[in-house]
Amino acid sequence: MTTFAERETTTDVRALLDRRVPGRPLEAPFYLSQEVHDLDVAAVFGRQWLYVTTEAEVKHPGDYVTVEVGPWSVIVVRDDDGQVRALHNVCRHRGSRVLHEERGSVGTMVCGYHQWTYATDGTLLHAGEQAPGFDPSCFGLKQVAVRVVEGLVLVCLAPDPPDDVDDVIGRIAPYLAPHQLCRTKVAAREDLVEHGNWKLVMENNRECYHCEAGHPELTCTFFPTYGYSIDELPDRLLPVHARYLRAERELERACDERGMPYAAIEEISGRTTAFRVQREALDGAGESYTTDGARASTKLLGDLDVFKLGRLSLHLQPNAWFHFLADHAVLFQVLPLAPDRTLVRTTWLVHEDAVEGVDYDLDRLTEVWHHTNAQDGTLVARAQAGVASPAYEPGPYAPNEYQVDGFVTWYVERLREHLA
Ligand code: FES
Ligand code: FE
């Protein structure tokens, strides 16, 4: 029987990678094969920094979240000293999962099998009767590398995590800081299982070519000119573009007055911890992701003093995108379940003092992205069905899909690196 590691390298993945044509999507096996899926889990999700939760979800000592990443289960917990930790959810006795709920709060973590008991920092506190010489300090829960960037919690499952993460954190933190995510709370959370490969989910998110026809609620405020350069704009979008430019000028003025960065930084291929960040104007009232663009919550985040600050959009490869508005934030996390199934977890954060029904209405807050997610889920399922046909052949990306090409190039780089 071949081992997992052997299986990874015995297919023609290398040949498939060598055949990849820049400017075109991947070939079908990348979206269909169990073997490639296993390789993705090992080479991408087991190697890269992943967004997993927010500080708002582990606010107090003992608060925890568990996240399933392929075969791994990770506990993100705030320890008794107030530090956010990530631990492997694997008992050091005989390997049982220690925590089984998706989230909760604990004083200590007790494995239900034989009651080994761990402190919130992972230290083994109690292991019943043991042979002489048993040293509890050798059997704490294994630590997972963790970084907290302005309220976002990132983990890396690899023993040698990519070290460019601190550079990325240094560059995105000034964009995020004004929103003060550590002073927010979860208003809503939505898990959607999309019937498509995780890469199709991410690729779909890296372009807005489909937005004009596919997202009527989103395009009330999201300019569907996204991704176009001026000389590629179709005539019908010229009035929208003029509106975008006016809104951008106003936004830049507001940001300059407050010393808030807004310029795009885009490094989506050619670096390990790839990212894109930019603050851009919204259409309509320009304040929030609602169907009229007006605020969804009356409580501003952080120390912000104005609602009309557009959307701060952040993309982190491999598995996340975010929009930070003045009145709320909406965060998206992608986790692979199977070659043709992917979990998309959406979390809406509002100011910690905002009261539902008083400061915000839940339906109004979630309406746009609830519908947009469902529409994207349908688009991804159709793409998955299409690539499964023997007739599928990768076609050319349009110029406004350049970020999809960047994502695929980055993915190919990671697989090559792993197989090398
Ligand atoms: Fe956890 Fe035995 S497996 S206490
Ligand atoms: Fe979409």
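Worth knowing before you read on, the calculation uses all heavy atoms, side chains too, and leaves out hydrogens, waters and symmetry mates. As the structure lists them, so they are numbered: ligands from 1, and atoms in each ligand from 1.
- His215 and Gln375 form a side-chain donor-acceptor contact under 3.5 Å, judged by distance and modelled atom types alone.
- Around atom 1 (Fe) of ligand 1, the closest heavy atom drawn from Gly112, Ala127, Cys111, Gly95 belongs to Cys111.
- Atom NE2 is the N/O/S atom of His215 found closest to the Fe ion (ligand 2).
- Shown in contact with Tyr113 at under 4.0 Å from a heavy atom are these atoms of ligand 1, numbered in order with element: 2 (Fe), 3 (S).
- Not a single N, O or S atom of Cys211, from either the backbone or the side chain, sits less than 2.8 Å from the Fe ion (ligand 2).
- For atom 4 (S) of ligand 1, the nearest non-hydrogen atom from the set Arg92, His126, His114, Arg94 belongs to His114.
- Checking Glu203 against Tyr411 by side-chain atom types alone, no donor-acceptor pair falls below 3.5 Å.
- Of all N/O/S atoms in His93, ND1 sits nearest atom 2 (Fe) of ligand 1.
- At a threshold of 4.0 Å, the pair Arg295-Asp327 does not count as salt-bridged, since none of the basic side-chain nitrogens sits closer than that to a carboxylate oxygen.
- The distance from ligand 1 to the heavy atoms of Trp116 drops below 4.0 Å at these ligand atoms: 4 (S).
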Quick one, Ser73 with Glu68, criterion side-chain hydrogen bond (donor to acceptor under 3.5 Å, both in side chains). Give me CA distance, side-chain angles, the key distance, then yes/no. CA-CA 5 Å; Ser73 176; Glu68 312 295 309; 3.1 Å; yes
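- Close placement of the Phe134 and Phe139 rings is indicated, their centers lying within 6.0 Å of each other.
- Under the 6.0 Å cut-off for aromatic ring centres, Trp72 and Phe45 do not qualify, their centroids lying 6.0 Å or more apart.
- Partner of Leu316 under the side chain to side chain contact (heavy atoms under 4.5 Å, CB included) criterion, chosen from Phe322, Trp49, Trp321: Phe322.
- Within ligand 1, the atoms closer than 4.0 Å to a non-hydrogen atom of Ser96 are 3 (S), numbered from 1 in the order shown.
- With the Fe ion (ligand 2) as the vertex, atom OD1 of Asp376 and atom NE2 of His210 span an angle of 100° (nearest 10 degrees).
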